[in-house]
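Data first, discussion second: the structure below is written as structure tokens.
Hydrogens, waters and symmetry mates are skipped; everything else that's a heavy atom, side chains included, is used. Letters A, B, ... are given to chains in the order of the sequence lines, protein chains preceding strands, and every chain is numbered from 1.
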Protein chains: 2
Amino acid sequence: MDVTTAHAAGDCRSVSEILSRVGDKWTIQVIVALRQGPARFNGMKRQVNGISQQMLTRTLKALERDGMVVRTVHHSTPPQVEYRLTELGFSLSETARQLAEWATLNSDAIAQNRIRYDGRDRP
Amino acid sequence: MDVTTAHAAGDCRSVSEILSRVGDKWTIQVIVALRQGPARFNGMKRQVNGISQQMLTRTLKALERDGMVVRTVHHSTPPQVEYRLTELGFSLSETARQLAEWATLNSDAIAQNRIRYDGRDRP
DNA sequence: CAGAATCCATTTGGATACTG
DNA sequence: CAGTATCCAAATGGATTCTG
């Protein structure tokens, strides 16, 4: 029996908190983007489609705090700041990639399910 | 090359939307809870630790709309309503279980990282 | 380039009271 | 038992302006 089964797969309070942290609008995408290797701020902003500057800042800072990303400043001109995954962050990125893949593969089906559901007569 | 790599792993706009849907505070936990088999409303409320009645209602309704859960009413007294995963929902639950497992295994490390980060002198 | 700061709209979530 | 309805607080996220 694995640890998840032993814990009834997520009844710990901490799990809920972590899931809602990594499950916000951008975290998974940022982590998946960093799988390819270290990246710089504006590079990521271009890579992660549609993210605002503020949300990228917040997301990266939260990931740094959680120990999933390290931030390295190179004092050059122009200044360079590099972000890369830690081991912890990389381990999450494996699962994150699967989740992103699932979303890619099933987004059409979900969109159709919604249309069908909304089309039924209902309050 | 798999589809995720082909799509640069999540730059589609739809992925962002789906991820933030399944990544709210409760969806993953509800789905993981339903892996064990069909369940009834108040049973799930007890199983998913800390969820309010309203949030369970909202989460289940959203999952039903997305075609991940089916809701079956048995007109008995007292009334019974059964929720169970569809194939789509079950396929997500595989990845969801991994994510919940990751969260369980690493919640301590993350908590410690946060303490360390917050302890450093910083604005 | 890499952000910090501010403002504001929307979403999310909790508590409570009520219903068939 | 299985919800609905309402109110409200907090979190989330976007846009814009400013800075070392």
Without swapping roles, check the side chain of [X] against the backbone of [Y] for a donor-acceptor pair under 3.5 Å.
X        : Y        : result
B/Asn106 : B/Ala109 : no
A/Ser52  : A/Met55  : yes
B/Thr27  : B/Gly23  : no
A/Asp24  : A/Trp26  : yes
A/Ser93  : A/Val32  : no

Please examine the side chains of B/Met44 and B/Leu56, heavy atoms only from C-beta on, and report whether any two atoms are closer than 4.5 Å.
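Yes. Closest side-chain heavy atoms under 4.5 Å.
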Pairwise side-chain contact, A/Asp66 with B/Arg114, heavy-atom cut-off 4.5 Å (strictly under):
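With C-beta onward as the side chain, the pair touches.
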Need one value for A/Arg71: base, sugar-phosphate or nothing, where a base atom within 4.0 Å counts as base even if backbone is also close, heavy atoms only.
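Sugar-phosphate contact only - A/Arg71 comes under 4.0 Å of backbone atoms but never of a base.
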With heavy atoms under 4.0 Å as the rule, sort A/Lys45 into base, sugar-phosphate or nothing.
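The residue A/Lys45 makes no contact with any strand.
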Quick one: what's the B/S/- string for nucleotides 5-20 of chain C, heavy-atom cutoff under 4.0 Å, read 5' to 3'?
BB------BBB----B
Compare the minimum distances between each of C/dG3, C/dC1, C/dA4 and the side chain of A/Val81, then state the nucleotide with the smallest one.
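Selected nucleotide (nearest to the side chain): C/dG3.
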Rounded to the nearest 0.5 Å, what separates atom CD1 in A/Ile28 from atom CG in A/Leu92?
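Reported value, rounded in 0.5 Å steps: 5.5 Å.
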Can you give me the first and the last nucleotide of DNA chain D (5' to 3') that has an atom within less than 4.0 angstrom of a non-hydrogen atom in chain B?
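Listing 5' to 3', DNA chain D meets chain B from D/dC1 to D/dT6.
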Is there a path from A/Val73 to A/Leu63 through hydrophobic residues (I, L, V, M, F, W, Y) whose side chains come within less than 4.5 Å of each other?
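Same cluster.
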Give me the bend of the helix from C/dC1-D/dG20 to C/dG20-D/dC1, using the axes of the five pairs at each end, rounded to 10°.
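Roughly 50°, once rounded to the nearest ten degrees.
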Taking every non-hydrogen atom, the tightest pair across B/Ser16 and A/Gln29
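So the minimum-distance heavy-atom pair works out to CB-OE1, 3.3 Å.
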Between P on C/dC1 and CG on A/Leu60, what's the gap in Å once rounded to a whole number?
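In whole Å, C/dC1 P and A/Leu60 CG are 16 Å from each other.
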